Amino acid sequence: MGTTSFLTRAQRLLRIRNQLVRECLAEVLATFVMMTITLASAAQKIAFLNTKGNIITSYLAGALGVMAGIYTAGGISGAHMNPAFSLAMCLIEQFPWWKFPIFVVVQILGSFISAAAVYVLYCDAIWHHGNGTLTVTGPQETASIFATYPADFVSIGNGFLDQVIGTGVLIIVVMGIMDPRNKPVPKGLEPVVVALLVLSIECSMGANCGCPLNPARDIGPRLFTYLAGWGPEVFRWVEGRG
């Protein structure tokens, strides 16, 4: 009885009543969950030289990470997890413009925290693979665990178009799933359908740039790598490398 009473009091004390704060924390958590699964799969693939993972496991983890993020906070913040989706919601007047910059910041924050968590989780493997260095290019590079980099032959223009098309397909289909005038997805299975959509885009449009489709997915982890020791090269376009 005493334990139950204590937990009840603690729950009341810790309850967050401000709706905006609740939404922001939910968005951070959802983005963190999505990105931790996504980046950890990349770490297994790269740091273990494809012996513990491959391109298929990375694609599956990325898609399932989106599903997990939506299930985590979809009922509180909507689990946008992506500034592009938040912007689209603003454009169709389903989300207030004043919340847009706030959500962008918390989405980037969630991605940044997830990058730090994955670095801690796979720190030994990352340093072992890099032979004691943190590099952005070459056979021992580990920066691509966290951020996406284009293929060597992809130009800036082609890379930009790649992301416009890929992100556009993602947003258009998600909007179609949400439209009540279309054939409805069974209630509760919307995150599963979105995950399948993400997987299909990864399998068909991931070769050029790694299929980020999400500014927060790239900016937060890239900023982390800059601060953690990879240096300013993570922001630099290098001809023949991206």
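Note that the numbering runs from 1 along the sequence shown for the chain. Given the structure is predicted, the values throughout are model-derived calculations rather than measurements.
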Heavy-atom pair of closest approach, residues [X] and [Y]:
| X | Y | result |
| --- | --- | --- |
| W230 | A143 | NE1-N, 3.4 Å |
| G166 | M205 | CA-SD, 3.7 Å |
| C24 | I102 | SG-CG2, 3.5 Å |
| I37 | A68 | CD1-CB, 4.0 Å |
| F32 | A117 | CE1-CB, 3.9 Å |
| A40 | V118 | N-CG2, 3.8 Å |

For the pair [X] (side chain) and [Y] (backbone), establish whether a donor and an acceptor sit closer than 3.5 Å, ignoring hydrogens and angles.
| X | Y | answer |
| --- | --- | --- |
| S41 | T38 | yes |
| S77 | A79 | yes |
| T148 | G210 | no |
| T31 | V28 | no |
| N214 | M81 | yes |
| Y71 | G188 | yes |

- [ ] Begin with the C-alpha distance, continue with both residues' side-chain angles, and end with the deciding distance and a verdict on side-chain hydrogen bond (donor to acceptor under 3.5 Å, both in side chains) for W127 and T133.
- [x] CA-CA 6 Å; W127 282 96; T133 62; over 6 Å; no
Would you call [X] and [Y] a side-chain contact if the rule is heavy atoms closer than 4.5 Å?
| X | Y | value |
| --- | --- | --- |
| I113 | M35 | no |
| L189 | P186 | yes |
| L197 | V193 | no |
| I76 | E27 | no |
| M89 | M178 | yes |
| F103 | P83 | no |
| V194 | M67 | no |
| S111 | I219 | no |

Task: Between F48 and H129, ring centroids under 6.0 Å - done: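 No, too far apart.
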TODO: On the 0 to 90° scale, with breaks at 30° and 60°, tag the F146-F224 ring pair as parallel, tilted or perpendicular.
DONE: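 Judged by the thresholds at 30° and 60°, the geometry between F146 and F224 is tilted.
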Open item on the list: Apply side-chain hydrogen bond (donor to acceptor under 3.5 Å, both in side chains) to residues Q44 and T51 and explain how you reach the verdict.
Closed with: CA-CA 8 Å; Q44 286 196 166; T51 61; over 6 Å; no
TODO: Quick one: list whatever passes side chain to side chain contact (heavy atoms under 4.5 Å, CB included) with Q19, sequence neighbours left out.
DONE: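 Applying side chain to side chain contact (heavy atoms under 4.5 Å, CB included) to Q19 gives R22, E23.
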Open item on the list: How long is the straight-line distance from CG of L170 back to CD1 of I165, given to the nearest 0.5 Å?
Closed with: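 Rounded to the nearest 0.5 Å, the CD1-CG separation comes out at 14.0 Å.
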Task: Spacing of CG belonging to L227 relative to OG1 belonging to T225, to within rounding of 0.5 Å - done: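 Reported to 0.5 Å precision, the distance equals 8.0 Å.
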Do [X] and [Y] share a hydrophobic cluster (ILVMFWY, side-chain heavy atoms under 4.5 Å, transitive)?
| X | Y | answer |
| --- | --- | --- |
| W97 | F85 | no |
| M175 | L213 | yes |
| I70 | V173 | yes |
| L64 | V198 | yes |
| I145 | L121 | yes |

TODO: Establish, for the pair R222 and F112, whether the NZ or CZ atom is under 6.0 angstrom from the six-membered ring centre and no further than 45 degrees off its axis.
DONE: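 Judged by the rule (NZ or CZ under 6.0 Å from the ring centre, within 45° of its axis), R222 is not positioned above F112.
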TODO: Among V66, L39, T72, find the residue that satisfies the side-chain contact (heavy atoms from CB on, under 4.5 Å) test when tested with M34.
DONE: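 The residue from V66, L39, T72 that satisfies side-chain contact (heavy atoms from CB on, under 4.5 Å) with M34 turns out to be V66.
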TODO: Please name all residues satisfying ring pair (Phe, Tyr, Trp, His ring centres under 6.0 Å) with Y226, sequence neighbours left out, ordered by chain then number.
DONE: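 Partners of Y226 under the ring pair (Phe, Tyr, Trp, His ring centres under 6.0 Å) test: F235.
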Open item on the list: Are more than 12 heavy atoms, taken from residues, nucleotides or ligands other than N182, located less than 6.0 Å from that residue's CG atom?
Closed with: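 Atom CG in N182 is crowded, with more than 12 foreign heavy atoms closer than 6.0 Å.
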